[in-house]
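As structure tokens, the structure follows; a few thoughts come after it.
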2 protein chains.
Amino acid sequence: MSQAAIAQIFKALGDPVRLQIVQRLSNGTALCMGELSKDLGISRQGARKQIQALVSAKVVQLHPAGREVKVQLDAAALQQGRDFITALEAQWDQRLLALKQFTEQ
Amino acid sequence: MSQAAIAQIFKALGDPVRLQIVQRLSNGTALCMGELSKDLGISRQGARKQIQALVSAKVVQLHPAGREVKVQLDAAALQQGRDFITALEAQWDQRLLALKQFTEQ
DNA sequence: CAAACATGCAACCACATGGTTGCATGTTTT
DNA sequence: AAAACATGCAACCATGTGGTTGCATGTTTG
């Protein structure tokens, strides 16, 4: 996984509106854009742009169905983000351990 | 933890340069700004701005020491980010499980 | 004290972002 | 066929972001 792709995922999650969208999608079934736009406090087209950002980062996928478009969470992106943080934490813990061993010598 | 604070953490991680900084900090000891600015391909002041973004999101802490300033990773922020994703994934998995049980009926 | 060093601050610039409005287009429903 | 619906596209605007340069300030070192 490239740094850039990971950064894009975090960037996509780095906005309250988009975070709210992702949260609602993790909750239940895939929603269509209209439903998803509600309760965000912005216009439908505003919401559309945010959804597009999520699509570009591959955090979400679009599935056209008739006159509406379903929006579905892509759990793989979440996992990649989490894995990246986990790897950082592992390095961090390892460093702390080495420090501990050094001081105990 | 507020949505906004979490969003700020992800936003801070949502840039290749800042991601690289965080990675270097997770690796070893706290570095001072000058060292940290090297190998980023941008000017010292450019790097300083990125570090400030990490400070604002509390991903990193500054510790002045004489004429230099040490930059140290704050693992708590990483954990908060990871926990948030984990919670999303838990909801997601639960939904998949419910769907599975439904189809098996 | 003077030179070198590490950093801070402010102004500036180009471009990205988050939002809006207006209108067009394809799809159901009646 | 007409009305209602869900969405798309483009233009526009204010503000934020990522970067630069120049200069000022405090701290070591010689």
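Naming: A, B, ... by sequence-line order, numbering from 1 per chain.
B:Gln45 places its CD atom 16 Å from the P atom of D:dT25, with the value rounded to the nearest Å. Spacing between atom CG of B:Leu62 and atom C1' of C:dA6 amounts to 14 Å, rounded to whole angstrom units. The separation between A:Glu68 atom CD and C:dT28 atom C1' is 10 Å, rounded to whole Å. Rounding to whole angstrom units, CD1 of residue A:Ile42 and P of D:dC13 are separated by 20 Å. At whole-Å resolution of the value, CE in B:Met33 and C1' in C:dC5 are 16 Å apart. Put simply, NZ on B:Lys38 is 11 Å from C1' on C:dC5, counting in whole angstrom units. Straight-line distance from the CZ atom of B:Arg44 to the P atom of D:dT20: 12 Å, rounded to whole Å. In this structure, the CG atom of A:Leu19 is 13 Å from the P atom of C:dG18, given to the nearest Å.
Regarding contacts with the backbone of D:dT20, a side-chain N or O of B:Ser43 is found under 4.0 angstrom from either OP1 or OP2. For A:Arg18, a side-chain nitrogen or oxygen approaches OP1 or OP2 of C:dG18 to under 4.0 Å. Side-chain nitrogen and oxygen atoms of B:Arg48 include none within less than 4.0 Å of the OP1 or OP2 phosphate oxygen of C:dT7. When the side-chain nitrogen and oxygen atoms of A:Gln50 are compared with OP1 and OP2 of C:dT17, none of them lie within a distance under 4.0 Å.
Under the Watson-Crick and G-U wobble criteria, each requiring two contacts below 3.5 Å, nucleotide D:dC12 is paired to C:dG19.
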Would B:Val55 and B:Val60 count as a side chain to side chain contact (heavy atoms under 4.5 Å, CB included) here? Give the steps. CA-CA 5 Å; B:Val55 170; B:Val60 130; 3.8 Å; yes
Working note: A:Leu78 + A:Leu73, criterion side chain to side chain contact (heavy atoms under 4.5 Å, CB included); need CA distance, chi angles, decisive distance, verdict. CA-CA 9 Å; A:Leu78 294 184; A:Leu73 192 62; 3.9 Å; yes
Apply side chain to side chain contact (heavy atoms under 4.5 Å, CB included) to the pair B:Leu13 and A:Phe84, showing each step before the final yes or no. CA-CA 11 Å; B:Leu13 297 177; A:Phe84 185 87; over 6 Å; no
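Of the two residues near DNA chain C, A:Asp15 and A:Arg67, the one whose nearest nucleotide lies more 5' is A:Asp15. For the pair A:Gly66 and B:Val69, both in contact range of DNA chain C, the more 5′-proximal nearest nucleotide belongs to B:Val69.
Between B:Phe10 and A:Phe10, the ring planes are parallel. Angles under 30° get that label, and only those over 60° would be called perpendicular.
At a threshold of 4.0 angstrom between heavy atoms, the contacts of A:Gly46 include nucleobase atoms, whether or not backbone atoms are also involved. Within the 4.0 angstrom heavy-atom criterion, only backbone atoms of the sugar-phosphate kind lie near B:Lys11; the bases stay farther away.
Annotation: B:Lys58, atom NZ; neighbour count of heavy atoms from other residues, nucleotides and ligands within 6.0 Å does not exceed 12.
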